[in-house]
Each structure stands twice: as structure tokens, then as C-alpha cells.
Asks: 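Quick one: structure below, then a few questions.
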Amino acid sequence: MTLVSEQSGATHFIPLCVPEFRGNEWSYVKACLDTGWVSSVGSYVDRFEAAMAARIGARRAVATVNGTSALHVALRVAGVETDDEVVVSTLTFIAPANAVRYCGAWPVFMDAEPKFWQMDMAKLAAFLAEGCSFSGGVLRNRSTGRLVKALLPVHILGHPVDMDPLLELARRYQLAVVEDASEALGATYKGRPVGSHGDIAAFSFNGNKIITTGGGGMITTNNEAWANKAKYLTTQAKDDPLEYCHHEIGYNYRLTNLAAALGVAQLEELDEYVAVKRRIAQRYIEALGEVSGLTCMAEAPWAESTSWMFTVRLDAAVFGMSSRALLQHLQQQGIQTRPLWEPMHLSKSQTGAMAWQMGVADELYADCLSLPCSVGLTDIQQERVITALRAATKTDRKV
Ligand SMILES: *Cc1c(COP(=O)(O)O)cnc(C)c1O
């Protein structure tokens, strides 16, 4: 009975996005166990850092226990302090907003643009010019009176933010640029890796990301002093290895050698995974392009997206069903989908933070749904998702 249903694929649950292990993961993790090097020091931590630096084209990389801690430390070394402000994409997973708060600083939330759903550069320029005053090399938010210190663009869903205008604004207003590249490892902006454009970048290797270490993160930067400071802060700010002297409050944000071993193996697969993800996206685009009331996520001419989390936008009135009704409808057929995140400016957790000219992010939050796109997604599974989606337009017309 099980065999028949497995073959037909009809009753099989299709998850949204799960990890894939098909390379050297077993052998590298076994090497850790065989040698006893399982904890926070070991050759795989060094190898993972070197491989990530090379991959991003950064001088240095510092491994961390997760992406959130990478962001926290990146902001600290970029000079963000208590009561400063950092401009953050409002349409994002919450980690970057929380990381700003860990510094005692405040996010200023920036809207998404409607084409590629990334931070809106026109609105950013307007905020810096009209919402702030700039004198003596210091940028001050006119409404809050706080100093604006950094820009934190989040490359969402595997697609890059339009970095050139952002970098131009950062130069003009002397702001640090901290890239949240957690969702876009392997993507390029104008031919260069995402994470190599700003002053410092953070990555995540959480289980749902394109490659995973179970949990893990990485900071990359060309700034040697910042990298040294990041290593120092992530390792309890130890100033004497023998005497355990500490001159500052540090953090235990180290990645284990065991996790790094997974990371080295996963990074070897990255190019292949990006190719697979892009093929999955292409197949969705070809099959769903004609469905009225449904738009697939688009790729900017200056971008090579990883299509990490393939997402569609619904016009509920035309499609005949809202994104949440479709989610329920597909769930009943064993197909997992997910809405985007509640925009940060609507989050109770971020009360007291300023938001600048919102609108687009709210609409995307209401309209979008991410579809199954694991690296291991089979053609048969994807056909099932496509068929179910096409059929949904004709079934219950519940908006
Ligand atoms: C996953 C993610 C992070 C980091 O998450 P961790 O679970 O702490 O590794 C940060 N920012 C964004 C946008 C993410 O999607």
C-alpha cells in the first residue's frame, strides 16, 4: 500500500525547503569524531573560514554560531553603538532587526520596491536627504534626533539588493554598509558575489538556507582590523590565552568544528545547489507564467539570483483565492507553502523604531507565498505542486 502511494506520489508530503546531503558530509564529520576535534577549535573551522573568504572574494572570514550572532558582531565592529540608528529592510526575517537591538541601537525600517521586492533605493535616498540632516560628517535623523550609523540591506529570497545606488548613498553620507547575505549565498550582483559589496557581510547556515551546518553563521570582510575584532568578540574577548584576561565583554559565538566540517562539505556543493534551485525556478516560471492573477518572483538584469526560496505573488481577486486560502488549500494536499514574514514595521517586537514611507512591503506580505523548492525536490513532486496550483484557480473561489 505504502509502495503504491509512494510511486504515485499522491499522498507524499512535500516540504517547503529541506537540507540536502550528497557530498563529503559523512566523511568530514566522521573525521571530527575519529580525531576527537568536535568542539570550537579545529582544522575544519579554519578550512570553512578560508573557503568562505575565497568564495565571497573577501580577505577574511570569521565563523559564528549562527547568522544572527554574525549580524550582531558585524554591527558592533562597524561601530554601531547604543542609541544609534541603522537603516534595515522592513521585509525580512527578524534577525537583522533584533541584531540592531542587541547593540542597544534602533532600526529605521525601509520599504521594499515592487519589482524585485528588495530594499527601495529611491525611498532610501529620500529618507537620507529629507528625513535626516547631514553636517560635519554626521547624519542625524530629524524626527528621532538619533545618529544614523549604518545601512543594513537584506538580500531576500536569494536575490540581491540593488547595491550600487546604496553604496553611492553610503559614501555620500559616510555610513557603514552591513550586508545581510543570509538568504543569498551564491548569488551575484553585477557579476560579483553578494556579500562582497559592502564593508562587512553576514551569512547563515541554518537548516533552511541553501547550505547548512545545522546551525551556523559567517562574517566576511576585507577589513583586517574588523575581522580581528570580530574573532575577538566571538571568542569571549580573551586577551591572554594563558591567564584568561578579558578587557571587554565578549560573546561565546563560536562555531563548532563538527558544524564547520558539515560547512566545508556543503560549500563544495554550493554551485550545484544554485544550478538546481535556478532550474526549479525556471520550471515554475514556465509552468505558471500563464496563470492569471499569479506572478512569479523576477530576476533583475543586474542580478543572478539563487532562487533560494521560490515565491509567487497573487492578485487574489483575479486568481480567485487569497495567498492564505491557497496555503490552506495546498496544505490539505500535503504541499507545504509559506507566506513572507510580517514586515518589521508591523512587528510588536520593534515598537519604538521608525518606519519611512511604507506601503509595498505590506502588500507583498499579504500577497506572496513561497513554494516547495528543496534542492532534492523531484520532477514528480514539482509537477504535483504545479498541477495543484493550476487547479486551485478553478476550485473554490474563496478570496
Ligand atoms: C536566516 C536568516 C538570518 C540568520 O538566521 P540564524 O538562524 O541566526 O542563522 C539572518 N537574516 C536573514 C534575512 C535570514 O533569513
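Atoms within a ligand are numbered from 1 in the order they appear, just like the ligands themselves. Throughout, residue positions are numbered sequentially from 1 according to the sequence presented. Worth knowing before you read on, the calculation uses all heavy atoms, side chains too, and leaves out hydrogens, waters and symmetry mates.
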Asks: For atom 12 (C) of ligand 1, what is the closest protein heavy atom, and at what distance to 0.1 Å?
Replies: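 Looking at atom 12 (C) of ligand 1, the protein heavy atom closest to it is D180 OD2, 3.5 Å.
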Asks: Charged N to carboxylate O under 4.0 angstrom, D83 versus K149?
Replies: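 No.
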Asks: Nearest protein heavy atom to atom 13 (C) of ligand 1, by residue and atom, and its distance?
Replies: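 Here the closest protein heavy atom is E183 OE2, 3.3 Å.
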Asks: For the residue pair D164 and K190, what are the closest heavy atoms and their distance?
Replies: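 Closest approach of D164 to K190: OD2-NZ, 2.7 Å.
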Asks: Quick one: look up the protein heavy atom nearest atom 2 (C) of ligand 1 and list residue, atom name and how far away it is.
Replies: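 Residue, atom and distance for the closest contact: K209 NZ, 3.0 Å.
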Asks: Do F48 and F205 have ring centroids that are under 6.0 Å from one another?
Replies: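 When the ring centroids of F205 and F48 are compared, they turn out to be within the sub-6.0 Å range.
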Asks: Can we call the ring centroids of W302 and Y189 under 6.0 Å apart?
Replies: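 Yes: the rings meet the under 6.0 Å criterion.
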Asks: Please write down residue, atom name and distance for the protein heavy atom closest to atom 8 (O) of ligand 1.
Replies: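 The closest heavy atom on the protein side is T68 OG1, 2.5 Å.
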Asks: Any N or O on G67 sitting closer than 3.5 Å to an N or O of ligand 1?
Replies: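 It does: an N or O of G67 is found under 3.5 Å from an N or O of ligand 1.
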Asks: Hey, which atoms in ligand 1 end up nearer than 4.0 Å to a heavy atom of T92?
Replies: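 Counting atoms of ligand 1 from 1, those under 4.0 Å from T92 are 13 (C).
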Asks: Hey, does P96 sit under 4.0 Å from ligand 1 if you only count heavy atoms?
Replies: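 P96: in contact with ligand 1 (<4.0 Å).
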Asks: Of all heavy-atom pairs between L288 and C296, which one has the smallest distance, and what is that distance?
Replies: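 The answer is CB-SG, 4.2 Å.
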Asks: Nearest protein heavy-atom contact for atom 3 (C) of ligand 1: which residue, which atom, what distance?
Replies: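 Ranking protein heavy atoms by distance from atom 3 (C) of ligand 1, first comes S182 OG, 3.4 Å.
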Asks: Within the 4.0 Å heavy-atom shell around A95, which atoms of ligand 1 are there?
Replies: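 Listed by number with element: 3 (C), 10 (C), 11 (N).
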Asks: For ligand 1, which atoms sit closer than 4.0 Å to a heavy atom of V154?
Replies: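 Every atom of ligand 1 under 4.0 Å from some heavy atom of V154: 13 (C).
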Asks: Do D46 and S43 have side-chain N/O donor and acceptor atoms under 3.5 Å apart?
Replies: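 Per modelled atom types, D46 and S43 side chains form no pair under 3.5 Å.
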Asks: T221 and N223: side-chain donor and acceptor closer than 3.5 Å?
Replies: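 Short answer, no.
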Asks: Could an N or O of ligand 1 be found under 3.5 Å from any N or O of S204, whether backbone or side chain?
Replies: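 Between S204 and ligand 1, an N or O pair is found under 3.5 Å apart.
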Asks: Ion pair present between E286 and R283, side-chain N to carboxylate O less than 4.0 angstrom?
Replies: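 The answer is no: the pair does not qualify as a salt bridge.
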